[in-house]
Novice: 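Sharing a structure here in structure tokens format.
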Number of protein chains: 2
Amino acid sequence: MKDVAQHAGVSTATVSRVLNGHAAPTPETRERVLAAIEELGYRPNALARSLRTTSTQTLGLVISDLLNPFFAEIARAVEDEARSHGYCVVIGNADESAEQEATYVRTLLDRRVDGLLLCPATDDPSLVREVSAGGVPLVLLDRTVRGATCPVVRADGSEALTALARRLVGAGHSRIGVIAGPPDTSTGRERSDVFTGALGGAAQIVHGDFRQESGSQAAAKLIDDGVTALVAMDNLMGLGALGEIKARGLRIPHDIAIAVFDDQPWFPLLDPPITVIAQPTVEMGRAAARSLLALINGQQPDDVRLSAKLVLRGSCGEAEL
Amino acid sequence: MKDVAQHAGVSTATVSRVLNGHAAPTPETRERVLAAIEELGYRPNALARSLRTTSTQTLGLVISDLLNPFFAEIARAVEDEARSHGYCVVIGNADESAEQEATYVRTLLDRRVDGLLLCPATDDPSLVREVSAGGVPLVLLDRTVRGATCPVVRADGSEALTALARRLVGAGHSRIGVIAGPPDTSTGRERSDVFTGALGGAAQIVHGDFRQESGSQAAAKLIDDGVTALVAMDNLMGLGALGEIKARGLRIPHDIAIAVFDDQPWFPLLDPPITVIAQPTVEMGRAAARSLLALINGQQPDDVRLSAKLVLRGSCGEAEL
DNA sequence: GACAGCCGTGTAATCGATTAACTTCTCGTC
DNA sequence: GACGAGAAGTTAATCGATTACACGGCTGTC
């Protein structure tokens with residue numbers, strides 16, 4: 001920057017003003033400075049700028065698992081929205097581990113992100129408290145924690161889950177297996193609670209960990225127990241369950257019905273296509289980013305709940321069968 | 001930091017020394033400083049530290065498309081490897097757009113990442129030159145550019161593609177359609193070149209853009225042209241092609257054979273399971289991160305080529321049929 | 001007892017920007 | 001012609017760390 005100033009025959013203050021469109025340098029000075037910048041190929045040092053201004057124009061996003069396409073899509077949406085407001089997004093991958101999550105959150109805070117989006121790995125509020133105590137704007141995404149005091153953006157699956165329960169009961173299923181997420185995550189509990197509630201409590205629940213392998217194992221256990229319908233509360237566990245069904249040579253929906261929470265582009269390709277509860281993923285990501293930006297600008301955004309939709313495709317014996 | 005120093009009754013220099021394990025403060029001083037840090041909940045400002053040391057302990061990763069599970073897995077692997085060496089990764093999503101790619105690369109350079117991993121959107125070398133000119137360590141991943149002068153890490157599909165070509169010809173296919181990537185990407189050209197080469201040139205090629213929609217369109221065109229086998233050179237285009245095949249009610253492999261470059265966990269679930277060329281995705285990501293770290297440490301890593309493997313599953317009429 | 005050498009710490013410069021406060025200069029007005 | 005307002009630009013403090021250099025005190029040697 002000093003070089004640029006010298007080259008243009010002005011002070012660094014003037015260069016800074018030209019750069020930030022501040023005050024009012026003469027058009028002529030402006031030109032000289034811009035020419036010098038161009039000639040020297042100068043690019044301002046974002047670190048120094050941030051140190052001085054205490055603003056990094058960066059949002060932190062800590063997600064549970066980058067390999068889960070649901071979160072990948074969320075990340076994509078957050079990034080789009082953030083970029084359109086001139087913000088950058090740094091993604092941290094917690095790998096469904098509370099420890100790694102905490103590490104990432106602290107790293108991001110150390111780098112002074114302007115705000116943080118978090119998909120908490122567990123519903124333990126201590127990390128959230130730590131962030132809030134630091135005064136950093138925080139929005140929770142997809143999942144919440146006990147006694148959360150910050151805005152939360154998530155999908156509301158109650159209606160869809162209730163409709164699904166009715167469908168399955170209506171189709172004559174009385175032994176229904178639920179592959180739920182970990183009981184210490186809000187989505188792990190709530191989804192299966194709502195579903196079994198709508199079922200009148202007559203379901204068998206196995207908790208997985210939102211990963212494929214746990215889906216296979218849960219499915220195996222439930223099938224051994226004689227269920228005639230499976231509901232996987234996450235796309236990866238659904239993938240695992242479908243693998244187990246295929247491995248056993250069971251026919252869908254004749255031998256066993258299945259539905260999955262969270263749609264993926266390949267579900268319609270299976271035979272029969274899989275009935276799912278589709279979440280408004282992109283909207284969730286955008287809404288979360290918007291809420292966070294609002295919080296950063298001193299506003300008090302409300303919680304957001306976007307409803308998920310039941311998409312009937314045939315794997316529960318409805319539709320064309 | 002000043003507060004901590006005051007609290008512990010020492011100077012900031014000493015605090016810094018304790019923090020960095022430098023020199024040798026007395027164990028007793030050390031304790032006092034650590035206690036003060038603990039009590040005040042002090043966390044060092046990474047921006048200031050980086051400004052001073054000109055090292056951010058951060059790698060930049062610009063990938064073509066975060067929604068493509070292939071790149072998501074790469075990102076995950078890069079991050080794992082980087083973290084295990086004490087580095088953080090900032091991910092930028094170029095969305096297969098050269099323009100957005102350039103924007104992200106510049107943003108990352110402005111933030112002074114210690115090195116950059118790039119999956120170039122096109123084989124135009126100008127951006128790569130720009131980065132190299134800035135003296136920032138750079139490694140290309142998955143794709144290369146014309147006249148690249150930096151290390152490249154990628155998959156080698158020649159053997160697998162050749163084997164696949166032989167299989168298809170052996171199975172009696174004479175009209176084979178290739179759904180290739182954009183001709184201005186190295187993977188878009190090379191894969192179909194190798195494949196059609198092995199075929200003796202007797203293939204019809206349609207170029208897509210590495211996304212699902214283009215896969216459907218390409219498949220539609222090729223099927224209309226009467227091909228009896230399809231090879232999609234990327235998993236998303238493969239997804240699109242499979243959708244088109246399903247929409248037309250064609251039976252695999254009886255009416256049409258299909259194989260896809262790049263494996264995904266759901267390919268085995270289809271009926272029949274899809275024959276693929278599996279890339280060593282995780283290894284590619286790790287190798288790229290390692291190369292970059294080596295470069296940062298002043299070494300001169302070689303290019304890395306990891307071979308992809310043909311996985312026969314039935315969609316080309318081999319196996320159990 | 002004086003002096004060299006080492007050890008633990010403090011002082012202050014520095015990284016590259018932003019910006020408050022100040023200086024200069026140009027006009028316009030009476 | 002003097003004075004004041006306003007515009008354009010400069011000087012220097014500052015953000016929060018790191019680190020070269022300086023300094024004082026202790027030890028050991030002759």
Novice: Going from CG on Asn68(B) to CD on Glu73(B), what distance comes out if it is rounded to the nearest 0.5 angstrom?
Specialist: 10.5 Å
Novice: Assign each of Gly9(B) and Thr53(B) to its nearest nucleotide of DNA chain C by heavy atoms, then name whichever residue's nucleotide is nearer the 5' end.
Specialist: Gly9(B)
Novice: Thinking salt bridges, do Glu190(A) and Arg154(A) make one under a 4.0 Å N-O criterion?
Specialist: yes
Novice: Round to the nearest Å and state the distance from Arg30(A) atom CZ to dG9(D) atom P.
Specialist: 12 Å
Novice: Looking at the side chain of Met1(A), which of dG10(C), dT18(D), dT18(C) is the nearest nucleotide?
Specialist: dT18(C)
Novice: Does Glu79(A) pair with Arg286(A) as a salt bridge, N-O distance under 4.0 Å?
Specialist: no
Novice: Look at all strands and tell whether Val10(B) reaches a base, only sugar-phosphate, or nothing, counting heavy atoms closer than 4.0 Å.
Specialist: sugar-phosphate
Novice: Should the heavy atoms of other residues, nucleotides or ligands under 6.0 Å from CZ of Arg83(B) be counted, would the total exceed 12?
Specialist: yes
Novice: Strictly below 4.0 Å: does Ser16(B) bring a side-chain N or O up to OP1 or OP2 of dT18(D)?
Specialist: yes
Novice: Using the closest heavy atom to pick a nucleotide of DNA chain D for each, name whichever of Pro44(B) or Arg32(A) lands nearer the 5' end.
Specialist: Arg32(A)
Novice: Of the candidate nucleotides dT10(D), dT19(D), dT11(C), which contains the atom at the shortest distance from the side chain of Ser11(B)?
Specialist: dT11(C)
Novice: May I ask you to say whether Arg76(A) pairs ionically with Asp95(B), meaning some side-chain N is under 4.0 Å from a carboxylate O?
Specialist: yes
Novice: Can you check the Ile37(B) CD1 to dA17(D) P distance for me, whole Å?
Specialist: 10 Å
Novice: Contact class for Thr29(A) vs. all strands (heavy atom < 4.0 Å): base, sugar-phosphate, or nothing?
Specialist: sugar-phosphate
Novice: Quick one: which of Thr58(B), Thr56(B), Thr54(B), Leu51(B) gives a side-chain contact (heavy atoms from CB on, under 4.5 Å) with Arg112(B)?
Specialist: Thr56(B)
Novice: Atom CG of Asp110(A) and atom C1' of dA17(D): how far apart are they, to the nearest Å?
Specialist: 13 Å
Novice: How about Gln299(A): does its CD atom have over 12 heavy atoms from other parts shown lying under 6.0 Å from it?
Specialist: yes
Novice: How close or far is atom P of dT14(D) from atom CG of Leu51(B), stated in whole angstroms?
Specialist: 17 Å
Novice: In this structure, how many angstroms lie between the P atom of dC15(D) and the CZ atom of Arg111(A), rounded?
Specialist: 23 Å
Novice: What is the separation between atom CG on Asn20(A) and atom C1' on dA17(C), rounded to the nearest whole Å?
Specialist: 9 Å
Novice: So Thr26(B), base contact, sugar-phosphate only, or nothing? Heavy-atom distance under 4.0 Å.
Specialist: sugar-phosphate
Novice: Can you tell me which nucleotide in dA17(D), dT19(C), dT11(C) comes closest to the side chain of Ala13(A)?
Specialist: dT19(C)
Novice: Assess whether one donor atom and one acceptor atom, taken from the side chain of Arg52(A) and the base of dT14(D), lie less than 3.5 Å apart.
Specialist: yes
Novice: Do the charged groups of Glu96(B) and Arg143(B) touch, with an N to O distance under 4.0 Å?
Specialist: yes
Novice: Tell me what Thr14(B) touches on the nucleic acid: a base, only sugar-phosphate, or nothing, going by heavy atoms under 4.0 Å.
Specialist: sugar-phosphate
Novice: Mind running a 4.0 Å heavy-atom check of residues 130-138 of chain B against DNA chain C and sending the residues that fall below it, in number order?
Specialist: none
Novice: Below the 4.0 Å mark, does dC15(D) have OP1 or OP2 next to a side-chain nitrogen or oxygen of Asn45(B)?
Specialist: no
Novice: Return the value, rounded to whole Å, for the distance between atom CD of Gln57(B) and atom P of dA17(D).
Specialist: 17 Å
Novice: Let me know the distance between CG of Leu19(B) and C1' of dT9(C), rounded to the nearest Å.
Specialist: 16 Å
Novice: Given dG16(C), dT18(D), dT9(C), which nucleotide is nearest the side-chain atoms of Arg17(B)?
Specialist: dT9(C)
Novice: Using a cut-off of strictly less than 4.0 Å, decide whether His22(B) has a side-chain nitrogen or oxygen near OP1 or OP2 of dT19(D).
Specialist: yes
